[in-house]
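One structure is given here, and the rest of the page talks about it.
All values below come from the heavy atoms of this structure, side chains included, with hydrogens, waters and symmetry mates left out. No experiment lies behind these values; they were computed from the predicted model shown. Numbers here are sequence positions counted from 1.
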Amino acid sequence: MEMRKKAEHLKNELMKEVDGHLNEFVNNLMEESTVLESMSVAPSFYPGNVEKDGHKLRGPRALLEHGKLFVSRRSLLDELFEVNHIRTIYHMFIALLILFILSTLVVDCIDEGRLVLEFDLLVYVFGKFPIVISTWLCMFLSTFIIPYGLFSVWAQGYRASSHRTIRSIFFGLLFIMFQMLGLGLMPTYFVLHHDLAPASRFIIILEQVRLIMKAHSFVRENVPRIFAFTKEKSSIVPVPQVTQYLYFLFAPTLIYRDSYPRNPSIRWGYVATKFAQVLGCLFYVYYIFVRICIPLFRNISQEPFSLRVLVLSIFNSILPGALVMLLAFFAFLHCWLNAFAEMLRFADRMFYKDWWNSTSFANYYRTWNVVVHDWLYYYAYRDFLWFFGRRFKAAAMLCVFTVSAVVHEYALAISFGFFYPVLFILFMCCGMLFNFILHDRRNGPIWNVIMWTSLFLGQGVLLCLYSQEWYAQRHCPINNPAFVDFLKPRSWTCLQLED
């Protein structure tokens, strides 16, 4: 028995060491292959030599260097779920969902004497869905036609134009007007004019932001190619095909390329599984709100406000807030994006990295949502440094944080129908502070514990304060509100009225 125990222990240690060496070997091999691929593709795709100075690249062609490289790879959770120990955690979440459903059914049977399967909350938050579909179609068709049309007309006549700068400014202003008015103002107006429900609003706002980012990426990646084309003898204008742009609009990436790595076939069973998991996560969130959040905040809204009530409600919100965060990650960044990637045979599935192992918030921000991070890194951070110089890295990082915080707060403000900048303050104050305190040099396990504790506490604060404001908006209406009343949290107003 002793020999057997020693053999088992030796086997486990050996497997760990082999697995570590194998992972390191594969990662190094993938890095070397991507570097070799970039060296072989770059000269033919972007011909010519780029002049460099001692500090940074200048000129339109410099913007093309060292862009994101797409390679064929699976999502990390798909690989981890092949391990029985990891898949058991997934089974535990399914068991918890079953218990939520049983709890709701039992309570309904006791209180109502019958099963209540009406799902009123889901019906309410996704209300007026036909308007959502029609608004999305308008946004998508305008993004498909106008940016491509403007770029194509500008590119076809750029070389022959005698006033290239004026031509570029004119078409650039038209594109900016479309981004601000067509994609920026009009969807927001439709959302507010039709008084859509929160989830319906959230869908339109997310699609609005996604299409704006995609249109910017398409123009940003192709304009330098036209600048480079004017210095060459080629007569073929490098305007992407319509089908390439259309594929990009659906592809689960915000970085434009003429082509991406593709899988040979579509696994429709995999697609159905991912959409079923999205639906399961939706019902999971529904039961979390029905069984935990709504009873909690409905009772709190009827009590006098006090510091004790606030603190207790924040800590009571940590568990549902953490569950909603994990479900949102799994449903969107893993299931939804993988489902569309599979239908499009899009082979690069690195939509996220192992953010759960992060020991610093700097690493967490880079790995939580790789799709958005890539866009911010290449088009906000890198372009800021290219324009102002590498001495302004702190200013570039502040710019990225500000853009991200404003967009997040804008999405929540429009979706909920009130301005309550809790997320913006947490993002700009706590997020920036943790980014410098919990930096990449923090490697111990304790820092991973600190990161998770901060995340869970932050989710509790967000869920608590936004829920309180939601109920205050409905239970404490203001007659003939002034503009200042829209900016002032209603929960503060209710407190003043009670005093």
Side-chain angles (χ1 to χ4, degrees), residues 72-82 86-87 89-98 100-101 117 119 121-137 139-140 196-211 214 246-254 260-290 323-352 368-372 411 415:
S72 180
R73 49 195 162 188
R74 299 170 65 192
S75 285
L76 188 55
L77 284 183
D78 281 340
E79 296 178 347
L80 291 176
F81 283 155
E82 294 179 355
I86 303 299
R87 192 163 61 246
I89 301 176
Y90 171 69
H91 295 160
M92 292 166 59
F93 274 86
I94 295 177
L96 189 58
L97 174 60
I98 294 173
F100 269 125
I101 296 174
L117 300 174
F119 301 106
L121 181 61
L122 283 179
V123 174
Y124 164 69
V125 296
F126 288 99
K128 301 180 181 178
F129 207 72
I131 298 177
V132 176
I133 296 175
S134 60
T135 305
W136 179 84
L137 282 174
M139 288 193 300
F140 179 81
L196 299 182
S200 299
R201 294 185 177 203
F202 198 60
I203 292 172
I204 292 179
I205 297 304
L206 286 187
E207 280 298 290
Q208 174 195 44
V209 174
R210 184 183 73 93
L211 293 174
K214 279 184 175 283
L246 180 61
Y247 181 89
F248 167 65
L249 289 180
F250 284 103
T253 179
L254 298 174
Y260 301 92
R262 305 282 292 275
N263 289 332
S265 61
I266 302 175
R267 298 171 295 170
W268 289 108
Y270 180 87
V271 174
T273 300
K274 294 306 169 190
F275 280 130
Q277 289 173 337
V278 172
L279 192 62
C281 290
L282 182 63
F283 279 99
Y284 213 135
V285 173
Y286 166 78
Y287 283 112
I288 288 173
F289 275 90
V290 168
L323 288 175
V324 170
M325 180 195 75
L326 295 175
L327 289 169
F329 158 76
F330 182 74
F332 181 71
L333 290 174
H334 179 69
C335 298
W336 186 264
L337 294 184
N338 268 294
F340 273 88
E342 187 66 30
M343 288 190 294
L344 295 170
R345 297 190 293 118
F346 187 85
D348 193 342
R349 309 290 176 87
M350 195 180 70
F351 309 125
Y352 54 88
W368 160 262
N369 187 343
V370 174
V371 179
V372 173
S415 299

In Å, rounded to the nearest 0.5 Å, how long is the span from [atom1] of [X] to [atom2] of [Y]?
X      : Y      : atom1 : atom2 : result
Arg201 : Gln208 : CZ    : CD    : 13.0 Å
Leu97  : Phe283 : CG    : CZ    : 9.5 Å
Ile86  : Leu76  : CD1   : CG    : 9.5 Å
Ile205 : Ser415 : CD1   : OG    : 6.0 Å
Arg74  : Glu79  : CZ    : CD    : 5.5 Å

Quiz item: If you draw a 6.0 Å radius around CZ in Phe202, do more than 12 non-hydrogen atoms from other residues or ligands fall strictly inside?
Solution: no
Quiz item: Are more than 12 heavy atoms from other residues, nucleotides or ligands located less than 6.0 Å from atom CH2 of Trp136?
Solution: yes
Quick one: list whatever passes side chain to side chain contact (heavy atoms under 4.5 Å, CB included) with [X], sequence neighbours left out.
X      : value
Ser75  : Asp78, His334, Asn338, Arg349, Phe351, Tyr352
Leu254 : Arg210, Met213, Lys214, Val371, Val372, Trp375
Ala331 : Cys281
Gln277 : Tyr90, Thr273, Lys274, Phe330, Cys335

Self-check item: Steps toward side chain to side chain contact (heavy atoms under 4.5 Å, CB included) verdict (Thr253, Asp348)
Solution: CA-CA 9 Å; Thr253 179; Asp348 193 342; over 6 Å; no
Quiz prompt | Minimum heavy-atom distance between Ala197 and Tyr124, given as atom pair plus value | solution = CB-O, 2.9 Å
Quiz item: Ile266 and Met343: which non-hydrogen atoms are nearest, and at how many Å?
Solution: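 Here Ile266 and Met343 meet closest at CD1-O, 3.3 Å.
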Quiz item: Taking the inter-plane angle between the rings of Phe329 and Trp368 on a 0 to 90° scale, is it parallel (under 30°), tilted (30 to 60°) or perpendicular (over 60°)?
Solution: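 Taking Trp368 first and then Phe329, their aromatic rings sit tilted (interplane angle of 30° to 60°).
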Practice problem: Assign the ring pair Phe140 / Phe250 to parallel, tilted or perpendicular, where the plane angle (0 to 90°) is split at 30° and 60°. | Solution: tilted
Within a strict 4.5 Å, meaning less than it, do heavy atoms of the [X] and [Y] side chains meet?
X      : Y      : answer
Trp336 : Pro252 : no
Leu282 : Leu122 : yes
Glu207 : Thr135 : no
Phe275 : Val271 : yes
Phe346 : Tyr247 : yes
Leu327 : Ile288 : yes

Exercise. Show your reasoning for whether side chain to side chain contact (heavy atoms under 4.5 Å, CB included) applies to Phe126 and Ile203.
Key: CA-CA 9 Å; Phe126 288 99; Ile203 292 172; 3.9 Å; yes
Quiz item: Got a sec, which residues hit salt bridge (Lys or Arg N to Asp or Glu O under 4.0 Å) with Arg345, two or more places apart in sequence or on another chain?
Solution: none
Quiz prompt | Expected output: side-chain Tyr284 to main-chain Leu323 donor-acceptor under 3.5 Å | solution = no
Quiz item: Does Glu342 reach the main-chain N or O of Arg267 with its side chain, forming a donor-acceptor pair under 3.5 Å?
Solution: yes
Self-check item: Non-neighbouring partners of Tyr260 that pass side chain to side chain donor-acceptor pair (under 3.5 Å), sequence neighbours left out
Solution: none
